[in-house]
Amino acid sequence: MKKQKLLIIVLFQNLAGENRFDFAKSPAPPLSGALLAGLTPPIVDIELLHEMVRPIDYNTDADIVALSFMDYCFEHAKEVSRKFRELGKTVIAGGRYATNFPDKVIPYFNSTVIGEAEGIWEKVVYDAVSGRLEKSYKAPVLKSLAGIPAPRYDLIESDFAMPVVTEATRGCPFTCSYCQLNITPMPYRKRPVADVINDLKSASSLPFHKRKFAMLLDNNLGGDRKYAKELLKEIAKLKLWGLGVQFSFDCLQDDEFVDLLAEANCRMAFIGMESISEQSLASVHKKQNKVEEYKELFMKLKKRGILVFAGLMLALDEDTKEYYDSLIDKLEDVDPAAILTSLSIPIPGTAFHKTVSEEGRIVDDELSHYEGDHLVIIPKKVTPKEVFDAYRNVNESFYSVKNTLRRVYRLVKAQLGYDNVIRRTINIMVSSLILIKLSVFQKDHAVKKVYPLYKEYFGKEPKEVKADRFEFSHSFTIF
Ligand code: SF4
């Protein structure tokens with residue numbers, strides 16, 4: 001009998017309009033789709049589709065469709081589900097939003113997986129194939145992350161330059177008030193080092209050059225430093241050409257951790273810097289970040305050819321006009337290689353959402369706008385216009401060609417004298433290339449996705465808007 005087909009779709013809704021796929025591409029895919037494919041029993045054929053790089057084809061011959069989506073894609077997921085269900089497909093939802101808010105999700109899908117897929121996905125697939133699918137499945141909390149199969153890298157679209165993605169840990173020991181991880185807190189858990197290494201070696205179907213780069217998409221790789229060091233020592237033996245990781249700022253105080261990153265050929269570290277104001281950091285309980293240490297600790301990475309990709313959040317409650325006016329100079333001083341600028345998001349269920357909601361400062365509850373580009377709250381100490389001006393000024397300045405080249409220069413200069421000549425030369429080439437690519441991508445995102453909101457919010461192009469007052473087009477006025 002012919003096998004049924006499962007189509008796994010990782011949704012990505014880009015709200016900027018028509019040419020959405022030409023700038024939605026990131027070098028690495030999210031992990032969820034390939035991970036779910038790896039967990040799927042071989043009783044079905046599988047296709048994996050990342051909406052970041054290609055549109056959904058509703059003419060698919062798939063029988064079952066599994067949708068993975070973030071909070072802000074929920075409305076989109078409902079629409080995609082409706083279309084597939086009208087075509088007679090069985091649609092299953094899963095992911096963090098479905099886990100946190102199952103009652104909101106369940107009505108719109110044939111079935112919903114609540115919790116981590118590992119404990120339940122095999123049963124869901126068997127039930128779907130045999131026509132016994134239940135309306136929802138609650139997965140048990142996994143005490144151990146041992147034995148999770150490797151992601152199916154072979155199913156990832158060739159558009160992704162770095163398809164080898166995996167995770168070593170889940171959770172985070174910190175309690176930042178805006179963080180989604182703290183809606184349903186879970187203990188910090190680690191996978192066996194051997195399992196992670198096995199993942200990184202499981203990409204044999206990919207072209208050689210793609211196998212030599214990998215991303216660990218942990219929320220915080222450094223939540224257990226001892227474990228992270230053990231893992232990095234093993235990764236170093238793989239002799240990758242480049243590794244990308246994400247960890248909290250406090251890890252940079254640990255010299256051995258930073259040295260081991262370099263030995264594992266880490267070329268990019270994403271760090272949630274979020275603000276260069278102690279007051280703004282305190283307002284979201286980001287106690288692990290120390291503004292006065294940014295410059296020195298970022299330099300540790302730069303010297304080793306590891307570029308700092310730093311999150312920067314605007315519209316935090318303690319942000320002031322004076323802070324925004326000083327932001328470009330502060331960034332120049334602490335010198336991250338690239339920044340991911342976003343506007344604060346009051347994700348439902350978080351402490352930050354509770355605060356702004358109780359204070360009546362939520363002005364837009366359309367979940368699809370909770371992606372970091374829209375301003376959905378009334379800021380406390382700045383006007384919305386000042387937030388958008390800061391966003392634009394920072395991006396225009398930071399990602400100008402001149403300043404991007406200056407950052408490349410500083411990154412190269414910092415590495416002089418570190419490591420042997422051959423390794424240093426390779427490091428410089430790889431890290432400079434990543435810096436330029438990241439900068440182009442981030443600037444592109446700002447110009448195509450966020451700047452058009454000026455027109456939507458203020459009814460005018462950025463330069464025409466006066467600073468003292470503005471009106472949202474969503475029928476309310478803020479001074
Ligand atoms: S450090 Fe990052 S992952 Fe951890 S709680 Fe804060 S925002 Fe979340």
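Every number for a ligand or one of its atoms is a count from 1 in the order of the listing. Remember, it's a predicted structure, so these values are computed and weren't measured experimentally.
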Distance under 6.0 Å and angle within 45° of the ring axis: does Arg407 meet both against Phe398? yes
Name the closest protein heavy atom to atom 2 (Fe) of ligand 1, giving the residue it belongs to and the distance to 0.1 Å. Lys286 NZ, 4.0 Å
Any cation-pi pair here, Lys78 with Phe74, using under 6.0 Å and within 45°? yes
Residue, atom name and distance, where the atom is the protein heavy atom closest to atom 5 (S) of ligand 1: Phe174 O, 3.4 Å
At under 4.0 Å between heavy atoms, which part of Leu181 makes contact with ligand 1: side chain, backbone, both or neither? side chain
Option set Gly171, Cys172, Cys176, criterion heavy-atom distance to atom 6 (Fe) of ligand 1, minimum: Cys176
At the 4.0 Å heavy-atom cut-off, does Gln288 count as touching ligand 1? yes
The closest protein heavy-atom partner of atom 8 (Fe) of ligand 1 is Cys179 SG, 2.4 Å
With a 4.5 Å cut-off on side-chain heavy atoms, are Asp317 and Phe352 touching? yes
If you take all heavy atoms of His374 and Leu453, which pair is closest and at what distance? NE2-CD2, 3.4 Å
Given side-chain hydrogen bond (donor to acceptor under 3.5 Å, both in side chains), test Asp389 with Tyr324 step by step and report yes or no. CA-CA 9 Å; Asp389 276 352; Tyr324 287 165; over 6 Å; no
